[in-house]
Visitor: 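Below is the structure I would like to discuss, written out as structure tokens.
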Amino acid sequence: MKKLLLAVLALSLFGLTSAQTLTYARSGLPVTLDSSDSTDGNSLTVSYQIVENLVQYELGSTELAPGLATEWSANEDSTQWTFNLREGVAFHDGTPFNAEAVKFNLDRWNDPASEYHFADGGKTYTAWGWVFGGPVGEGVLESVEVVDEYTVQLNMTGPVGLVPSMVAASYFGLDSPTAVMEAGAAYGTPGVGAVGTGPFTFAEWVEGERVTLEANADYWNGAPGIATLIFRGISDPTARLAELQAGSVDIAVDLGPDDLSVVEDDPNLVRVPGPSLNIGYLALHQANTPLEDVRVRQAIAHAIDWEAIVDAFYGELGEVATQHIPRAFDWARAGDDSVAGYEYDPERAQELLAEAGFADGFESELWYMPVSRPYFPNPEPIAAAMATYLADIGINVELATEDWGVYLDNYDTGKYPMYMLGWSPDYGDPDNYLYTFFGPSALDSLGWDDPAVIDLLNQAREVTGQDARGDLYSQVNQAVYDQVAQLPVAHNSVLYAANTRVQNWTPSPLGSTEQLFLITVEE
């Protein structure tokens, strides 16, 4: 926290006298700026500059830090959580930030009966289900109570020890109630944008080109070091790097492994350590025959040479994933002796297919993402390589993709028999991986429903102590491995690069929770 405060102080002295502009290139533009209704990093990185959470993170860390809440505490059994709010803060439109505003936002996401839930307008709040288990009556948040103007209490359905981490997830930035009420279901769209309390205000969203934000000179945590922040979507990693070298962008993220030597050899560029807590995976949706048969899923797991995939497409930046949580959370992983990954064994794969009644194989579809992401830097060629391995055992898949926003809408409907996706964590805890993938939402995203696994995940939210939680998560990892609920592919140390003029940039290990207001750009 001290490091962050010193950086903010330095920037407040610097001010906005140089009227700097920073252009930040990602693989795509946002799908929406309504953070609570988004599920992708391209959306969340932008909205995180506009709206703020009750709880934030220390700079460059997964450690929690005060945000719009200055303090928080739980009762003895963690069934009630009280947040003391920051005073003297207003939303960009002048609406006061207070406990009523917090309740408005939480009720909008949690209560389908709220007139501002806008489900009939297409809002789904998918991430709310990932983190809180679903809306009121299904999830863990029972109600929100305004104690006084700057105190709010969250009443849970049972003991939940992770609530501060949960509300820190980048989805749950707090929006101006006035702006939401005025915009209705259009809130977050290009013509409306978003209104928060953060360091930048929404200025313009030119679809297919850019999103422009302007500095909030009255930001409670100090004026940003840049006057204008522009996000551009450039789908091809090589094209992103080319524009960085040309000087038309200042930062380029999610570059490909082949770009590493180019960055290191260019005196005008600097490699910046990117997040490495991500996981790319291949999902097998069991609503699609014959993927409901565990033997078929095992055959797919053994048909693909995962090490060869990582060597070819990630280079020295990648690591074969044997479980869905990275080794940074080793205490929550199953032992390598029991969950060692799926060995490349095409003969065993063919035997399993024959046992399942598909000795001649079958036809299916493999969907890949249309944009590069930290966990899949080059989705299409990776998908093509997987398809080649599958064809060797008689599984002939048609490769397919569609618009990124549509892809995110469809993957959990059962439309895609096999699909590539991944995850950069929202908070630094195994819960954010395992509950998201294999909790209640797994029925939609995987066609997989295991009450025993969900029970283990709920227990891990209730108990205290790393050893007790680790034992529960180990059992979840073992069950996922045995049933081949989903196939982990790779963890990637993401390649970020910047022009040497960019100063004070510390990427978040969690990916989308970037504190870009601290950046300055040398003239």
Side-chain angles (χ1 to χ4, degrees), residues 22-31 40-43 45-46 206-211 229-276 278 280 308-319 366-388 399-405 407 420-422 424 489-502 505 507 511-512 514 516 521:
L22 177 79
T23 302
Y24 188 118
R26 299 186 61 86
S27 63
L29 290 176
V31 176
D40 68 297
N42 287 336
S43 297
T45 299
V46 181
V206 180
E207 292 186 78
E209 293 187 19
R210 66 187 179 275
V211 175
L229 176 58
I230 298 173
F231 289 92
R232 289 185 55 200
I234 304 172
S235 60
D236 181 63
T238 302
R240 284 199 294 282
L241 177 58
E243 295 221 24
L244 179 63
Q245 290 183 293
S248 53
V249 304
D250 302 297
I251 287 173
V253 300
D254 301 339
L255 299 174
D258 292 340
D259 298 326
L260 177 59
S261 61
V262 179
V263 172
E264 293 180 334
D265 291 342
D266 192 325
N268 296 313
L269 303 182
V270 59
R271 177 187 177 185
V272 180
S276 59
N278 53 65
I309 292 283
V310 172
D311 287 345
F313 299 104
Y314 295 81
E316 64 184 82
L317 300 177
E319 174 191 354
L366 196 165
W367 289 72
Y368 63 90
M369 304 175 305
V371 297
S372 64
R373 300 295 299 125
Y375 35 80
F376 282 127
N378 293 291
E380 185 175 8
I382 294 175
M386 291 181 183
T388 298
L399 297 182
T401 191
E402 54 190 339
D403 174 79
W404 183 224
Y407 193 97
M420 294 163 57
L421 206 55
S424 295
V489 177
H491 306 293
N492 188 32
S493 296
V494 187
L495 178 58
Y496 283 9
N499 190 291
T500 53
R501 297 182 301 114
V502 173
W505 179 34
S512 57
E514 291 263 42
L516 299 180
V521 180

Visitor: Can you see which heavy atom on A387 is nearest to which on L399, and at what distance?
Guide: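 Looking at all heavy atoms of both residues, the shortest contact is CB-CD2, 4.0 Å.
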
Visitor: Please answer whether the main-chain N or O of L269 pairs with a side-chain N or O of N499 as donor and acceptor at a distance below 3.5 Å.
Guide: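 No; zero donor-acceptor contacts below 3.5 Å.
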
Visitor: Quick check: closest heavy atoms across P507 and P273, and the distance to 0.1 Å?
Guide: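 Heavy-atom minimum between the residues: CG-O, 3.5 Å.
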
Visitor: Would you indicate whether the side-chain heavy atoms of E264 and V262 approach each other to under 4.5 Å?
Guide: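 No - every pair of side-chain heavy atoms lies 4.5 Å or more apart.
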
Visitor: Can you run down the side-chain hydrogen bond (donor to acceptor under 3.5 Å, both in side chains) pairs that involve residues 243-253, sequence neighbours left out, and say none if there aren't any?
Guide: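 Listed once each, the pairs are R232-E243, E243-S248, Q245-D266, D250-R501.
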
Visitor: Have a look at M369 and tell me which of L421, I382, T401 forms a side chain to side chain contact (heavy atoms under 4.5 Å, CB included) with it.
Guide: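 Result: among L421, I382, T401, L421 is the only option passing the side chain to side chain contact (heavy atoms under 4.5 Å, CB included) with M369.
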
Visitor: Is M386 close to V489 at the side-chain level, that is, under 4.5 Å between some pair of heavy atoms?
Guide: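 In short, these two side chains touch, coming nearer than 4.5 Å.
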
Visitor: Would you check if the side chain of H491 reaches a backbone N or O of E319 as a donor-acceptor pair within less than 3.5 Å?
Guide: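 No: the side chain of H491 does not pair with the backbone of E319.
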
Visitor: Please work out which of the three classes, parallel, tilted or perpendicular, describes the rings of F231 and Y24, given edges at 30° and 60°.
Guide: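 It falls in the tilted class, 30° to 60°.
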
Visitor: Would you say Y496 and W505 make side-chain contact, with heavy atoms under 4.5 Å?
Guide: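 Y496 reaches W505 side chain to side chain.
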
Visitor: Supply the atom-to-atom distance S276 OG to Y375 OH, rounded to the nearest 0.5 angstrom.
Guide: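 Result: 15.5 Å between the selected atoms.
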
Visitor: Do we see a donor-acceptor contact under 3.5 Å between the side chains of S27 and R240?
Guide: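 Per modelled atom types, S27 and R240 side chains form no pair under 3.5 Å.
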
Visitor: For the side chain of N378 and the backbone of P381, is there at least one donor-acceptor N/O pair under 3.5 Å apart?
Guide: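 No.
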
Visitor: Say you draw a straight line from OG of S512 to CZ of R26; how long is it, rounded to the nearest 0.5 Å?
Guide: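 These two atoms lie 8.0 Å from each other.
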
Visitor: Please confirm whether the backbone N or O of P30 pairs with a side-chain atom of N42, one donor and one acceptor, at under 3.5 Å?
Guide: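 No.
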
Visitor: After noting the C-alpha distance and the side-chain angles of V494 and N278, does the key distance pass the side-chain contact (heavy atoms from CB on, under 4.5 Å) rule?
Guide: CA-CA 9 Å; V494 187; N278 53 65; 3.4 Å; yes

Visitor: Short question: side chain of D236, backbone of A239 - any donor-acceptor pair under 3.5 Å?
Guide: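 Indeed, once roles are kept as given, a pair shorter than 3.5 Å links the two residues.
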
Visitor: Ignoring hydrogens, what is the shortest heavy-atom contact between E209 and L29? Give both atom names and the distance.
Guide: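 Here E209 and L29 meet closest at N-CD1, 3.4 Å.
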
Visitor: Write down the atom of L255, the atom of A497, and the distance for their closest heavy-atom approach.
Guide: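 Minimum heavy-atom contact is CD1-CB, 3.9 Å.
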
Visitor: Can any side-chain N or O of D259 pair as donor or acceptor with the backbone N or O of G256 at less than 3.5 Å?
Guide: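 Side chain of D259 to backbone of G256: a pair is present.
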
Visitor: Answer whether the closest heavy-atom distance between the side chains of D265 and V263 falls below 4.5 Å.
Guide: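 SC-SC contact between D265 and V263 ruled out.
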
Visitor: Using side-chain heavy atoms (C-beta onward) and a distance below 4.5 Å, is E380 in contact with M420?
Guide: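 Counting from C-beta outward, E380 and M420 never come under 4.5 Å.
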
Visitor: Between I251 and T23, is the side-chain contact (heavy atoms from CB on, under 4.5 Å) condition met? List the steps.
Guide: CA-CA 7 Å; I251 287 173; T23 302; over 6 Å; no

Visitor: Test your reading of the model: is there a side-chain donor-acceptor pair from Y407 to the backbone of W367, 3.5 Å cut-off?
Guide: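 Yes, Y407 side chain to W367 backbone: donor-acceptor pair under 3.5 Å.
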
Visitor: Between L495 and D254, does the side-chain contact (heavy atoms from CB on, under 4.5 Å) criterion hold? Intermediate values first, please.
Guide: CA-CA 6 Å; L495 178 58; D254 301 339; over 6 Å; no

Visitor: List the atom of P257, the atom of F313, and the distance in Å for their closest heavy-atom pair.
Guide: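 Residues P257 and F313, closest heavy atoms: CG-O, 3.0 Å.
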
Visitor: Could you go through I230 and V211, starting from their C-alpha distance and side-chain angles, then the distance that decides it, and tell me whether this counts as side-chain contact (heavy atoms from CB on, under 4.5 Å)?
Guide: CA-CA 6 Å; I230 298 173; V211 175; over 6 Å; no

Visitor: At their closest point, which heavy atom of A490 faces which heavy atom of V310, and how far apart are they?
Guide: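 In terms of heavy atoms, the two residues are closest at CB-CG2, 3.9 Å.
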
